[in-house]
Protein chains: 2
Amino acid sequence: MASQYDDLIPRLKALAHPARLRILDILRGGEVCVCHLETALGRRQAYVSQQLMVLREAGLVEVRKDGQQVYYRLVDDLTASLLAAALGPTGNTGPEPLAGCPCPCCTLARAEVLARPDRPAHQGDRTTC
Amino acid sequence: MASQYDDLIPRLKALAHPARLRILDILRGGEVCVCHLETALGRRQAYVSQQLMVLREAGLVEVRKDGQQVYYRLVDDLTASLLAAALGPTGNTGPEPLAGCPCPCCTLARAEVLARPDRPAHQGDRTTC
DNA sequence: CCTTTACATTCAAAAACATGAATACATTAT
DNA sequence: ATAATGTATTCATGTTTTTGAATGTAAAGG
């Protein structure tokens, strides 16, 4: 009868880390590939991958492979709830394309913006990044 | 511009520990004294006091001294929200009097039950324990 | 004053975590 | 097959956390 906390502790521990919390926050906007996180965090690939491993093992994130890219996303609602409680409600504009990011989604997003320079690419562009 | 996560991390770290999470969960019911927590957790006083120190330093709990007893309570709403997200909504029947607990509130509660053995002391007794 | 009660702090050894560097793996392109 | 790209894992090391044991302190009672 120890406690059903036991399930929760690894999850909270995974959360209680700046880089990982940031990753999860980004993931609230939808799935993104590793290199996107690399750019967003300004950390090396190996570092990001290690933190993702922690999140995976704690059951917070899931993986989808697509060609060369590996996409991560949040697994369940409990995590989303915790993040909402900790960080406030998500803006939910979908993942933001990033300036220096080499990933397909960001590259695509930039190409689209260039094609119609009249639209400043700000709100709700549904860029599916 | 590092992140306003920085405030949050110590808080989450404090949360991510079985004994401390249990303490906070109990505290959701209202303030209790240290010896009550000692009984509830089945841990030695020094251990409980150490965990309380962590919670204090992370700004999750506050202290009130009353005679020999020291009473702890939750500080703010953010903590309550996090607990609600993690553990579900509180039953909020106020602190439960505990079987072997020597603290004033529990002792008082037992005395009251003995005085009126017709009432099984179950729901909503407002025992202020 | 001395004791008891209730709690806090310090200390030290063990365990867990964080993180950089190097390396391995898998997929796509040539 | 070879190379390049994107990601994962392993390893070694330094730092932090955890937790028991011992000790300190402050208030109340005798």
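In the text below, chain A, chain B and the rest are named by the order of the sequence lines, each starting its count at 1. Just so you know, these numbers come straight off a predicted model, no measurement behind them.
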message = Would you say A:Arg64 places a side-chain N or O within less than 4.0 Å of OP1 or OP2 belonging to D:dT7?
response = no

inquiry  = Once rounded to the nearest 0.5 Å, what's the spacing between atom CG of B:Leu87 and atom CG of A:Leu8?
reply    = 6.0 Å

message = If you only use heavy atoms from C-beta on, which nucleotide in D:dT17, D:dT9, C:dA18 is closest to the side chain of A:Ser49?
response = D:dT9

ask   = Can you tell me how far C1' of D:dA8 sits from CZ of A:Arg56, to the nearest Å?
value = 7 Å

request  = Using a heavy-atom cut-off of under 4.0 Å over every strand shown, decide if A:Tyr71 touches base, sugar-phosphate, or nothing.
outcome  = nothing

Gap separating the CG atom of B:Leu37 from the CZ atom of B:Arg43, nearest 0.5 angstrom = 13.0 Å

Let me check something: any side-chain donor-acceptor pairs from residues 74-83 of chain A under 3.5 Å, sequence neighbours excluded? List them with distances.
residue	atom	partner	partner atom	Å
A:Asp76	OD1	A:Arg11	NH1	3.3
A:Asp76	OD1	A:Thr79	N	3.1
A:Asp76	OD1	A:Thr79	OG1	2.8
A:Asp76	OD2	A:Arg11	NH1	3.1
A:Asp76	OD2	A:Arg11	NH2	3.1
A:Thr79	OG1	A:Arg11	NH1	2.8
A:Ser81	OG	A:Asp77	O	2.9

Test salt bridge (charged side-chain N to carboxylate O under 4.0 Å, His left out) applied to B:Arg22 and B:Asp25, step by step = CA-CA 5 Å; B:Arg22 182 97 170 78; B:Asp25 192 5; 5.1 Å; no

task = May I have the distance from A:Leu15 (atom CG) to C:dA18 (atom P), rounded to whole angstrom?
result = 13 Å

ask   = If you check every side-chain atom of B:His17, which of D:dT18, C:dC7, D:dA8 has the closest atom?
value = D:dT18

ask   = Given C:dA18, D:dT18, D:dT17, which nucleotide is nearest the side-chain atoms of B:Arg20?
value = D:dT18

ask   = Is atom CZ of A:Arg64 surrounded by more than 12 heavy atoms (other residues, nucleotides or ligands) closer than 6.0 Å?
value = yes

query = With a 4.5 Å limit on heavy-atom distance, are the side chains of A:Arg73 and A:Val63 in contact?
reply = no

ask   = Expressed in angstrom and rounded to an integer, what is the separation of B:Leu37 atom CG from C:dA8 atom P?
value = 10 Å

query = Quick one: what's the B/S/- string for nucleotides 20-30 of chain C, heavy-atom cutoff under 4.0 Å, read 5' to 3'?
reply = BSB----SS--

task = Looking only at side-chain atoms of A:Tyr72, point me to the closest of D:dT19, D:dA8, C:dC17.
result = D:dA8

